[in-house]
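Just so we're on the same page: letters track the sequence lines, and every chain starts at 1. The shown structure was predicted, so the numbers you read here are calculated from the model rather than taken from an experiment. Atoms considered below: every heavy atom in the structure, side chains included; atoms not considered: hydrogens, waters and symmetry mates.
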Amino acid sequence: MQSIGIDTSVVGGWYICDHRRNYTDTSMTRQFDNDQIRRRYEELHELRMRGVEPYPYSFDQRHTSQQILSGYRDEDPSPFSSVSVAGRIMAMRRMGKATFFHIQDAAGKIQCYMKADELPQEYEMLRLLDIGDIVGIRGFVFRTRTGEITIHVQQLTLLCKCLHPLPVVKEERDEQGNIILHDAFSDKEQRYRRRYIDLIVNPHVRRTFIVRSRMISAIRSYLDSHGWLEVETPVLQPIYGGATARPFVTHLNALDIPLYLRIADELYLKRLIVGGFEGVYEISKNFRNEGIDRMHNPEFTALELYVAYRDYQWMMSLTEDLLVSVAEQVRGEASLLKSDGTVIPLVRPFRRIRLLDAIADAVGEAVDNLSESQLFALCKKHKIDIAPTASKAKLIDELFTALVQPHLVEPTFVLDHPVEMSPLAKRHRDNPALAERFELYVGGMEIANAFSELNDPQDQRERFEHQARLRASGDDEAMVIDEDFITALEVGMPPTAGLGIGIDRLAMLMTGAPSIRDVIFFPLMRPEQTPSTVES
RNA sequence: GACCCCGUAGCUCAGUGGUAGAGCAUCUGACUUUUAAUCAGAGGGCCGCAGGUUCGAUCCCUGCCGGGGUCACCA
């Protein structure tokens, strides 16, 4: 860091501009979309001309806004007689020879107060600062006449000039102390495309992503505490598998082969169980080349867990325990939240219902032994639009999705799907037409899927072959045969229970978010048409 | 992929077949404990893009682009 004193006009807190560099005054040469950006570039130039470095290297930040606001006591302000905080200017009230402004750091906001007669030169520099600039503050803490804990500025340092006007969100407090927002930055397209601005001006967005992060930490530490191993398996796969979905295809130049972005981790994780690990999990991105809507993003995060010597009944109670434990840590209580504000209590044991019983309840007749054509007729009767080529599994799935799923608000395990719907699950010990499988629904959303894993290689081959026939007859989501996976099962996989959880959807329920886009920092958007992209 | 809704100033939004308004933000001035600071003044817009109808389109029609929603597919 350069020492102070080259330019006598520069006072203590301001970093000195390095005059060995040639700064061009961009405000003179560049075309700007709006005069506010031009003005800020002009200010940037003026700051440099005055010897102020607008992009210095560090600041000795010793306090957060929150530490000061929660720790300050009027009867003894001495612990806060010398604080240093850093943050972004979010509001500025200039009153002639005194100015109040709020700065925002990672913990919150705090007001600062600066007087012209105390800091004449820095006060002059303050004229060149704007909402959005990042500054460092040193000073002492006091309480204003109107009661707000405030930093009396003794030194102000510019840490980063902001060259774009930020949306200015004003906060008003009503008599009850509730915060009323004015002109909140709410355009969804802009919020998702410029998430950094969204995060700056919308505190609830920041909180949502903190909850998401803590949720994942809580899941990880829960799984670690059981001694299970977190592992990594390939994202780029020569044969994709583990789910019924369309993949993204790419190409590996080195070997001149097509590769697929994974749609699931399943088949690799089960190979690790074959290899002797008795509990493995992976939290990772999956990619599915399918629709985009409130519940689906082309890339999404899933947890998959496999535990040897266990079955799906055991996994069901583990899932309950995991969710209750994570919700308690993250939300402070065993509950989840729908976007309409409904609180969904997580009370063990969760409701359990066989899939075919759930459909039977909805249609008013037993469906266990219906043929494909009878199921098709049932779909027609309930006005479910479905292709005549649909498989039996697809028909059952359609009936369930249309008639049952929307009503599953309280946590509900749906069990024992037909084997045709579950090509990687072990047959039910009491009924070979069904699989030992459960899906967990909460708030009308599927958030978990689990089974007693199929480890009979002959049965697995037959299931794959059935999938291959579906694929040949036009179902492009059906699985492809993975010979090496069958080889692994021939080597022998112990009885194993497997679980998958949709992390994004769980994050929605932890935060009450209405859309998956609200729990993914950068949801997929169609690329913006800018002048530069149009040219290229 | 189909249908519905939306696109006006940096942000949030009004509005009309006769080429535009508000609040905040910005700029100028006043103001040394303000807080949606206040007061006085000013600037700022290819009204998403391209066609069409019209003497005249931001408004009406068509297409396109972008977004949101519903459905379909999926988790």
Side-chain angles (χ1 to χ4, degrees), chain A residues 32-40 42-43 90-102 109 111-118 123 127 130-132 142-148 150 152 164-174 179-194 197 201 243-246 263-264 286-302 384-387 390 394 397-398 401-402 405 439-441 445-449 475-477 500-506 508 514-517 525-530 534:
Chain A
F32 292 98
D33 323 344
N34 91 59
D35 58 342
Q36 294 195 48
I37 297 176
R38 182 209 319 281
R39 221 207 75 251
R40 285 172 182 238
E42 287 166 358
E43 284 175 347
M90 296 303 287
M92 208 150 13
R93 291 179 290 281
R94 304 180 200 259
M95 310 179 46
K97 299 228 162 32
T99 294
F100 288 91
F101 55 96
H102 274 92
K109 285 183 196 165
Q111 180 170 259
C112 303
Y113 173 62
M114 200 165 153
K115 286 167 78 170
D117 56 356
E118 292 177 349
Y123 200 85
R127 201 176 53 77
D130 293 290
I131 288 171
F142 74 111
R143 191 184 289 274
T144 63
R145 207 156 54 189
T146 46
E148 181 159 352
T150 300
H152 190 118
H164 279 251
L166 293 183
V168 178
V169 183
K170 299 234 171 185
E171 292 176 5
E172 183 187 10
R173 266 169 216 282
D174 63 13
I179 294 176
I180 302 165
L181 292 182
H182 296 273
D183 302 331
F185 180 53
S186 56
D187 182 285
K188 284 184 181 168
E189 179 177 359
Q190 289 306 311
R191 287 184 45 222
Y192 299 143
R193 288 193 194 279
R194 310 259 182 274
I197 294 177
V201 303
T244 51
R246 273 188 293 273
I263 58 172
N286 290 345
F287 306 86
R288 299 192 184 173
N289 207 337
E290 285 162 356
I292 303 175
D293 63 26
R294 225 173 63 246
M295 314 266 227
H296 302 85
N297 195 59
E299 59 178 289
F300 64 101
T301 304
I384 299 165
D385 196 19
I386 192 160
K394 177 77 85 187
D397 194 39
E398 285 297 328
T401 303
Q405 181 177 340
E439 294 179 307
L440 174 62
Y441 288 83
M445 277 194 297
E446 183 193 339
I447 61 167
N449 182 24
D475 182 351
D476 56 359
E477 286 174 4
I501 291 182
I503 292 295
D504 310 278
R505 290 179 175 183
L506 191 57
M508 289 169 70
S515 164
I516 199 166
R517 294 184 188 98
M525 303 282 277
R526 198 177 289 272
E528 230 176 341
Q529 289 251 324
T530 63
V534 168

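- Stacking between F100(A) and rA37(B) is absent: the ring centroid is not both under 5.5 Å from the six-membered base ring centre and under 30° in plane angle.
- Nucleotides rG45(B) and rG7(B) place their C1' atoms 15 Å apart, quoted to the nearest Å.
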message = Strictly under 4.0 angstrom, non-hydrogen atoms only: write out the protein contact profile of nucleotides 20-25 of chain B, one letter per nucleotide from the 5' end, B, S or -.
response = ---BSB
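- Heavy-atom nearest nucleotides on RNA chain B were determined for A402(A) and for R288(A), and the one closer to the 5' end corresponds to A402(A).
- F185(A) comes within 4.0 angstrom of the backbone, heavy atoms only, and of no base.
- If you measure from atom CD1 of I516(A) to atom P of rG69(B), you get 12 Å, rounded to the nearest angstrom.
- Rounded to whole Å, the C1' atom of rG63(B) lies 37 Å from the corresponding atom of rC24(B).
- Across rC3(B) and rG17(B), the matching C1' atoms stand 30 Å from one another, rounded to whole Å.
- Aromatic ring orientation, F142(A) versus Y113(A): tilted (interplanar angle from 30° to 60°).
- The base of rU34(B) sits with one of its N or O atoms less than 3.5 Å from a complementary donor or acceptor on the side chain of R93(A).
- The residue E172(A) sits close to a base: some heavy atom pair falls under 4.0 Å.
- On the P atoms, rU54(B) is 16 Å away from rC59(B), given to the nearest whole Å.
- The separation of rA37(B) from rG23(B), taken at their C1' atoms, amounts to 15 Å, rounded to a whole angstrom.
- Comparing the P positions of rU26(B) and rG67(B) gives an interatomic distance of 31 Å, to the nearest angstrom.
- Across the C1' atoms, rC47(B) and rG21(B) are found 12 Å apart, a figure rounded to whole Å.
- The same atom, P, is picked in rG48(B) and in rC6(B); the two are 13 Å apart, to the nearest Å.
- Protein atom CD1 of I37(A) is 13 Å distant from nucleotide atom C1' of rG44(B), rounded to whole Å.
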